[in-house]
Amino acid sequence: MQTKLSSCKTRRLPLATADAADSRRRSLHTMIAHKRRCRDAGVPDSATISRMVDAFLAAGGAVTACPPAYVLPVQNGAGRQG
């Protein structure tokens, strides 16, 4: 990958830097395309949501409930006597 400096000199980027830039560009294009597809699809109605949930459950999916965050132990040392 080549870039132009302000003095119009072309320089070569290191291969790792060029690969990282290409990866970011591909990721950005993928995110933009996904956002566009979601926006174009619109908001699903209740019948569509119901069909999607039924298909998820029929495929073996299971609904899980995670405990609230406040039941997890906090390991920050608060409340300890020095």
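The closest donor-acceptor contact from the side chain of T48 to the backbone of P44 lies at 3.5 Å or more, if one exists at all. A distance-only check finds a donor-acceptor pair linking the side chain of T30 to the backbone of R26 [under 3.5 Å].
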Working for side chain to side chain contact (heavy atoms under 4.5 Å, CB included), residues V63 and V53: CA-CA 10 Å; V63 178; V53 170; over 6 Å; no
Salt bridge (Lys or Arg N to Asp or Glu O under 4.0 Å) evaluation trace for R25 with D22: CA-CA 5 Å; R25 187 173 50 252; D22 288 340; 2.3 Å; yes
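I49 and F56 fall within the same hydrophobic cluster, where Ile, Leu, Val, Met, Phe, Trp and Tyr residues are linked whenever their side-chain heavy atoms come under 4.5 Å apart, directly or through other members.
The pair D54-R51 does not meet the salt-bridge criterion, since no charged nitrogen lies less than 4.0 angstrom from a carboxylate oxygen.
Atom CG of D40 sits about 8.0 Å away from atom CZ of R36, to the nearest 0.5 Å. In this structure, OG on S23 lies 11.0 Å from CG on L28, to the nearest 0.5 angstrom.
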